[in-house]
Amino acid sequence: MGTDERKSGTNTRLAHIGNDPGDFFGFVNPPVVHASTVLFPDAETMATRNQKYTYGTRGTPTTEALCQAIDELEGSAGTIAVPSGLAAVCVPLLAFLSAGDHVLIVDSVYYPTRNFAERMLRRLGVEVEYYDPHVGARITDLMKPNTKVVFTESPGSNTFEMQDIPAIAEAAHGGGAIVMMDNTWATPVFFRPLDHGVDLSINAATKYPAGHSDLLLGTVSANEACWKQLHDTFIALGVCPAPDDVYQVLRGLRSMGVRLARHQESAFAIARWLEGRQEVAQVLHPGLETHPGHAIWKRDFSGASGIFSFVLAKGGKREAHAFLDALKIFGLGYSWGGFESLAVHVSLEDRTIARGSYPGPVIRLQIGLEDVEDLQADLETGFEALRAL
């Protein structure tokens, strides 16, 4: 990328980070290495493992290229790649929690994270407690002598509460805990957690980095202090991703900035359009001035992705299903970050604190790469179905 000291723009960096064509005979993309066994030149090298690659689970040129690219984006000391976004949540929690420890998890967390905490961490003897996403520096009041991890996610899943991450990180560190953040919504393009005091940044690369709804992958990026423990746990668990999936994510990074810009622009347009609808009580998008957490988003984030929710003015499950069943362009699916628009009726039944007070059902939208006018027309069809009830 040259020796110019001027920092390159996001799209320039995304186009070039992660591998040097000169390392692979000038080929622009790194090889997709399918590997388990790696041979050693002699017994001494084998005994000491004194070579760069030793076994497929410990990395290949393909995984190294992706992890180096993510490190460049995150500003991290090291990154691991794992087979799914959920694995990217589980590995660091297993790395830094032991029986008898206490973990604080934001109540608006991604449901599979809560499920892992309830089904696995509690069984392993970890004390699990959930906190209000608006707690900020007051998280100090919830800290215990055995609090080892504070797990954040901002904006929160489905209802998009903004957390004051710098304040939480400072308070957590003051109590001797490390801070993890699920940063899948923003990606490191729009928010770099480690720059705001977070120790480990978690991303479901399934979403925007991959971008095409056809693979599963997760990454975890750590600061210098946490890198060795994270990596040692990763090696012990052997949760390595498939090389073809790694390559597809690396390829997806090249266009991620351009795609995110489109997702952002379209999502803002539709969110503002929904704010003017009489059928809508509230739009839950932190980039909107009407959002309670807008000031935090504006202070800390450089952009917004394509996923947000809105609240119907009245009704329940019947109304939510009628709205969703009328849609033709929006698919009914749980994932997001791909090229296609999706919609889902949000359930908040798992929450203990952050249930909110909503007059009607919450509908989450993933705004894809389609034309805004077509998506608005599709949503209008949903509203017409509501009026017909």
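These values consider heavy atoms only, across backbone and side chains, with no hydrogens, waters or symmetry-generated copies. Just so it is clear, the structure is predicted and the values come from calculations on it, not from any experiment. Quick note: residue numbers are just sequence positions, from 1.
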Are the aromatic rings of [X] and [Y] close, with centres under 6.0 Å apart?
X      : Y      : value
Tyr208 : Trp336 : yes
Phe323 : Phe310 : yes
His196 : Phe191 : yes

To the nearest 0.5 angstrom, please state how far the [atom1] atom of [X] sits from the [atom2] atom of [Y].
X      : Y      : atom1 : atom2 : result
Tyr247 : Leu66  : OH    : CG    : 12.0 Å
Lys148 : Met143 : NZ    : CE    : 9.5 Å
Asn29  : Arg251 : CG    : CZ    : 8.0 Å
Cys226 : Phe96  : SG    : CZ    : 4.0 Å
Leu332 : Leu324 : CG    : CG    : 5.5 Å
Met256 : Ser305 : CE    : OG    : 11.0 Å

Exercise for the section: Please step through salt bridge (Lys or Arg N to Asp or Glu O under 4.0 Å) for the pair Arg262 and Asp371, ending with a clear verdict. Expected result: CA-CA 10 Å; Arg262 171 71 175 188; Asp371 292 310; 3.6 Å; yes
Is there a donor in the side chain of [X] and an acceptor in the side chain of [Y], or the other way round, less than 3.5 Å apart?
X      : Y      : value
Asn50  : Thr45  : no
Asp107 : Thr352 : yes
Asp71  : Thr79  : yes
Glu74  : Ser201 : yes

Practice task
Mind jotting down which residue pairs meet the salt bridge (charged side-chain N to carboxylate O under 4.0 Å, His left out) criterion with at least one end in residues 152-171? Sequence neighbours excluded, please.
Solution key: Glu161-Arg351, Asp164-Arg299
Closer than 3.5 angstrom, by distance alone: can the side chain of [X] be matched with the main-chain N or O of [Y] as a donor-acceptor pair?
X      : Y      : result
Arg364 : Tyr334 : yes
Arg254 : Leu14  : yes
Arg355 : Glu349 : yes
Ser341 : Gly368 : yes
His212 : Asp214 : no
Arg58  : Tyr53  : no
Thr63  : Gly59  : no
Thr62  : Val33  : yes
Ser309 : Asn158 : yes

More than 12 heavy atoms of other residues, nucleotides or ligands under 6.0 Å from [atom1] of [X]: is that the case?
X      : atom1 : value
Glu118 : CD    : yes
Phe27  : CZ    : no
Arg119 : CZ    : no
Glu265 : CD    : no
Gln278 : CD    : no

Practice task
Kindly give the heavy-atom pair with the smallest separation between Ala167 and Gly136, and that separation in Å.
Solution key: CB-C, 4.4 Å
Handout entry: side chain to side chain donor-acceptor pair (under 3.5 Å) partners of residues 311-330, not counting sequence neighbours, each pair once
Key = none
Identify whether [X] and [Y] are in the same connected component of the hydrophobic contact network (ILVMFWY, side-chain heavy atoms under 4.5 Å).
X      : Y      : answer
Leu342 : Phe330 : no
Ile296 : Leu194 : no
Val149 : Leu237 : yes

Practice task
Would you check, one step at a time, whether the test side chain to side chain contact (heavy atoms under 4.5 Å, CB included) holds for Leu124 with Leu94?
Solution key: CA-CA 10 Å; Leu124 295 174; Leu94 290 172; 4.0 Å; yes
Handout entry: Stepwise side chain to side chain contact (heavy atoms under 4.5 Å, CB included) test for Leu217 and Lys207
Key = CA-CA 9 Å; Leu217 199 125; Lys207 313 306 194 214; over 6 Å; no
Practice task
Measure the acute angle between the ring planes of Phe268 and Trp297, then classify it against the limits of 30° and 60° as parallel, tilted or perpendicular.
Solution key: perpendicular
Exercise for the section: Would you mind checking if Arg277 and Glu380 are paired as a salt bridge, meaning a charged N to carboxylate O distance below 4.0 Å? Expected result: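 A salt bridge links Glu380 with Arg277.
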Problem - Positive for side-chain hydrogen bond (donor to acceptor under 3.5 Å, both in side chains) with Thr290, one of Glu275, Arg272, Gln282 - result: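 Filter result, single survivor: Glu275.
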Exercise for the section: Just do the side chain to side chain contact (heavy atoms under 4.5 Å, CB included) check on Asp182 and Phe151 with the steps written out, would you? Expected result: CA-CA 8 Å; Asp182 186 333; Phe151 192 99; 4.3 Å; yes
